[in-house]
Q: 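Input: one structure, supplied below.
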Amino acid sequence: DGVYKSKISRQGRANTEYVAITDFDVYENDIYILSNPQRKICVYSADGTFIRSVDLDDWYHNLSVGNGYILLYSEKSNGQMYDVVKIDFNGRVQNKFVPFKTQNGVRYGTSPFYEIGTDDYLFTFPYDNNIYRYVNNEVYPFCTLKLSSAINLSANELYESDYDSIKKRLNGETYLRRVIGASFDEDTLYLMMEVNYATRALRHLLCRIDMASGRVD
C-alpha cells in the first residue's frame, strides 16, 4: 500500500555496518549488501536488523544470492584471475568461472547475472558477443550473437586483453558494447543490447530471438 515499514541505514566501519552499497540482493527476505571497499557482505533482515557479515578474500563489484551460495563478479579486477567466483554463506570458495589474463582498470557497473530459474542464470560481459549459461554448477556458452557490419571479438582476444585496450581498439567502429538485460522463456531469448554504431554512437536495442527457428526481431 506504499506505507513506510522500515529502512536500512547502517553506513560506517563497524562490523555491523557497510562503507558503501556496491551491490545488493534479496534472498528469503534477507538483504545482502556488498561493500567493495571492505571486501565483505553485510546481511540484514527486512526490518533492518543486522544478521551477520561475510568476509571476502578479494574485491568484487556484483553479487547474486542463490540456494546456499553467492555468485560474485569482479570485472577482471581481482587476484583470483576469474571473473565469477562462487562462495558459500561463510565466504569459502566453492568454484571459479570465466578466467581472465590481464587485470582491468575500468568499471562498467552492470551486473552480469540474470536469473532465469532456480540455480539457473544467464551471464553477459562487456564486449562479449557470447551469452553464457550457469546451471548444474557449470558455465557454458549458451549462444553467440553475430552483428552484421560489426567487429566481433574472439574468445582469445577477450581473454588476453584488458577493457582499456579493447575500448581503444574499437574506437570509432560498430560493435556490441554489452548485453545489459537478458531473460529466457521456453524457446525465446529476450535481450537489451548496447550497440555502438560508427555513425550514430551508442544505441539501446530490444531484441527477441526464437531459439528454435533462429528468427530475430
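A quick note: this is a predicted structure, and the numbers were derived from the prediction, not measured.
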Q: My understanding is that only residues two or more places apart in sequence, or in another chain, count here; which of them pass salt bridge (Lys or Arg N to Asp or Glu O under 4.0 Å) with Asp88?
A: Arg92

Q: Who pairs with Arg208 by side chain to side chain donor-acceptor pair (under 3.5 Å), at least two apart in sequence or on another chain?
A: Asp217

Q: May I ask you to decide if the ring planes of Tyr163 and Tyr108 are parallel, tilted or perpendicular, using 30° and 60° as cut-offs?
A: perpendicular

Q: Between CG of Leu176 and CG of Asn196, what distance do you get to the nearest 0.5 Å?
A: 10.0 Å

Q: Using atom types as modelled and distance alone, determine if a side-chain donor or acceptor of Thr49 lies under 3.5 Å from a backbone N or O of Asp47.
A: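 No, Thr49 side chain to Asp47 backbone: no donor-acceptor pair under 3.5 Å.
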
Q: Answer yes when Arg39 and Asp55 have at least one side-chain N-carboxylate O distance shorter than 4.0 Å, and no when they do not.
A: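 Result for this pair is no, no salt bridge flagged.
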
Q: Quick one: pull up OH in Tyr18 and NZ in Lys40 and give me the separation to the nearest 0.5 Å.
A: 11.0 Å

Q: Let me know which of Tyr114, Phe142, Tyr140, Phe113 forms a ring pair (Phe, Tyr, Trp, His ring centres under 6.0 Å) with Phe123.
A: Phe113

Q: Holding to salt bridge (Lys or Arg N to Asp or Glu O under 4.0 Å), I want the full list of residues that pass it with Arg200, two or more places apart in sequence or in another chain.
A: none

Q: Does atom CZ of Phe89 have more than 12 heavy-atom neighbours from other groups under 6.0 Å away?
A: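 Atom CZ in Phe89 is crowded, with more than 12 foreign heavy atoms closer than 6.0 Å.
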
Q: Which value, rounded to the nearest 0.5 Å, describes the distance between Glu115 atom CD and Asp120 atom CG?
A: 8.5 Å

Q: Name every donor-acceptor pair, under 3.5 Å, that has one atom in a side chain of residues 152-160 and the other anywhere in the protein, sequence neighbours excluded.
A:
from: Asn152; atom 1: OD1; to: Asn129; atom 2: ND2; distance (Å): 2.6
from: Asn152; atom 1: ND2; to: Ala150; atom 2: O; distance (Å): 3.3
from: Ser154; atom 1: OG; to: Glu157; atom 2: N; distance (Å): 3.1
from: Ser154; atom 1: OG; to: Glu157; atom 2: OE1; distance (Å): 3.2
from: Glu157; atom 1: OE1; to: Ser154; atom 2: N; distance (Å): 2.8
from: Glu157; atom 1: OE2; to: Arg169; atom 2: NH1; distance (Å): 2.4
from: Glu160; atom 1: OE1; to: Lys101; atom 2: NZ; distance (Å): 3.2

Q: Please work out whether the ring planes of Tyr134 and Phe97 are parallel, tilted or perpendicular, with thresholds of 30° and 60°.
A: perpendicular

Q: Could you list the residues that satisfy salt bridge (Lys or Arg N to Asp or Glu O under 4.0 Å) with Asp57, not counting sequence neighbours?
A: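 Here no residue qualifies.
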
Q: List in chain and number order the residues that pass side chain to side chain donor-acceptor pair (under 3.5 Å) with Asp30, two or more places apart in sequence or in another chain; answer none if no residue qualifies.
A: none

Q: Any salt bridge (charged side-chain N to carboxylate O under 4.0 Å, His left out) pairs touching residues 136-152, not counting sequence neighbours?
A: none

Q: Starting from the C-alpha separation in whole Å, work towards a yes-or-no answer on side-chain contact (heavy atoms from CB on, under 4.5 Å) for Asn62 and Leu72.
A: CA-CA 6 Å; Asn62 298 101; Leu72 297 163; over 6 Å; no

Q: Identify, with sequence neighbours excluded, every residue that meets side chain to side chain donor-acceptor pair (under 3.5 Å) alongside Tyr27.
A: Asn67

Q: Could you give me the CA-CA distance, side-chain angles and deciding distance for Phe100 and Asp83, then say whether side-chain contact (heavy atoms from CB on, under 4.5 Å) is met?
A: CA-CA 7 Å; Phe100 61 89; Asp83 247 355; 3.9 Å; yes

Q: Please tell me whether Thr188 and Asp185 have a donor and an acceptor in their side chains that are separated by less than 3.5 angstrom.
A: no

Q: Between Asp128 and Tyr132, do the side chains contain a donor N or O and an acceptor N or O under 3.5 Å apart?
A: yes

Q: Tell me, do Val135 and Asp119 make a side-chain contact under 4.5 Å, heavy atoms counted?
A: no

Q: Looking at side-chain heavy atoms only, is the closest gap between His61 and Arg107 below 4.5 Å?
A: yes

Q: Determine all donor-acceptor pairs shorter than 3.5 Å in which one atom belongs to a side chain in residues 31-38; sequence neighbours excluded.
A:
from: Tyr32; atom 1: OH; to: Arg52; atom 2: NH2; distance (Å): 3.2
from: Ser35; atom 1: OG; to: Val19; atom 2: N; distance (Å): 3.4
from: Ser35; atom 1: OG; to: Ala20; atom 2: N; distance (Å): 3.4
from: Ser35; atom 1: OG; to: Ala20; atom 2: O; distance (Å): 3.4
from: Ser35; atom 1: OG; to: Gln38; atom 2: OE1; distance (Å): 2.6
from: Asn36; atom 1: ND2; to: Tyr60; atom 2: O; distance (Å): 2.8
from: Gln38; atom 1: OE1; to: Val19; atom 2: N; distance (Å): 2.7

Q: According to the ring pair (Phe, Tyr, Trp, His ring centres under 6.0 Å) rule, which pairs have a member within residues 191-217, sequence neighbours left out?
A: none

Q: My understanding is that only residues two or more places apart in sequence, or in another chain, count here; which of them pass salt bridge (Lys or Arg N to Asp or Glu O under 4.0 Å) with Arg10?
A: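 Once residues adjacent in sequence are excluded, Arg10 has no partner under the salt bridge (Lys or Arg N to Asp or Glu O under 4.0 Å) criterion.
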
Q: Please test Asn137 against Asn95 for side-chain contact (heavy atoms from CB on, under 4.5 Å), starting from the C-alpha separation and ending with a verdict.
A: CA-CA 8 Å; Asn137 201 34; Asn95 213 337; 3.2 Å; yes

Q: For atom NZ of Lys167, decide whether the heavy atoms of other residues, nucleotides or ligands shown that lie under 6.0 angstrom number more than 12.
A: no

Q: Report the C-alpha separation of Thr16 and Ser53 in whole Å, then their side-chain angles, then the decisive distance to 0.1 Å, and conclude whether the side-chain contact (heavy atoms from CB on, under 4.5 Å) test is met.
A: CA-CA 7 Å; Thr16 61; Ser53 63; over 6 Å; no

Q: Going by atom types alone, do Lys96 and Gln80 pair a side-chain donor with an acceptor below 3.5 Å?
A: yes

Q: Among Ile41, Ile87, Thr22, which residue satisfies the side chain to side chain contact (heavy atoms under 4.5 Å, CB included) criterion with Leu63?
A: Ile41

Q: I'd like to know if the side chain of Asp210 and the backbone of Val216 have a donor-acceptor N/O pair within less than 3.5 Å.
A: no

Q: Would you say the ring centroid of Tyr73 lies under 6.0 angstrom from that of Phe125?
A: yes

Q: Report the distance from atom CG of Leu189 to atom OG of Ser183, rounding to the nearest 0.5 Å.
A: 7.0 Å

Q: Kindly compute the distance separating OG (Ser74) from CG (Asp58), expressed to the nearest 0.5 Å.
A: 7.5 Å

Q: Which atom pair, heavy atoms only, marks the closest approach of Arg177 to Leu202?
A: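 Answer, listing the atom of Arg177 first, then Leu202: CD-CD1, 3.8 Å.
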
Q: Ignoring hydrogens, what is the shortest heavy-atom contact between Cys42 and Asn15? Give both atom names and the distance.
A: SG-O, 4.3 Å

Q: Does CG in Asn90 sit with more than 12 non-hydrogen atoms of other residues, nucleotides or ligands closer than 6.0 Å?
A: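 For Asn90, atom CG is crowded (more than 12 foreign heavy atoms under 6.0 Å).
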
Q: Listed by chain and number, what are the side chain to side chain donor-acceptor pair (under 3.5 Å) partners of Ser64, not counting sequence neighbours?
A: Tyr121

Q: Distance check, rounded to the nearest 0.5 Å: Leu206 atom CG versus Leu191 atom CG?
A: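 The distance works out to 9.5 Å.
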
Q: Where the side chain of Asn78 meets the backbone of Tyr82, is there a donor-acceptor pair that is under 3.5 Å apart?
A: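 Yes.
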
Q: Which atoms form the tightest heavy-atom contact between Ile209 and Cys207, and what is the distance?
A: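 Residues Ile209 and Cys207, closest heavy atoms: CG1-SG, 3.7 Å.
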
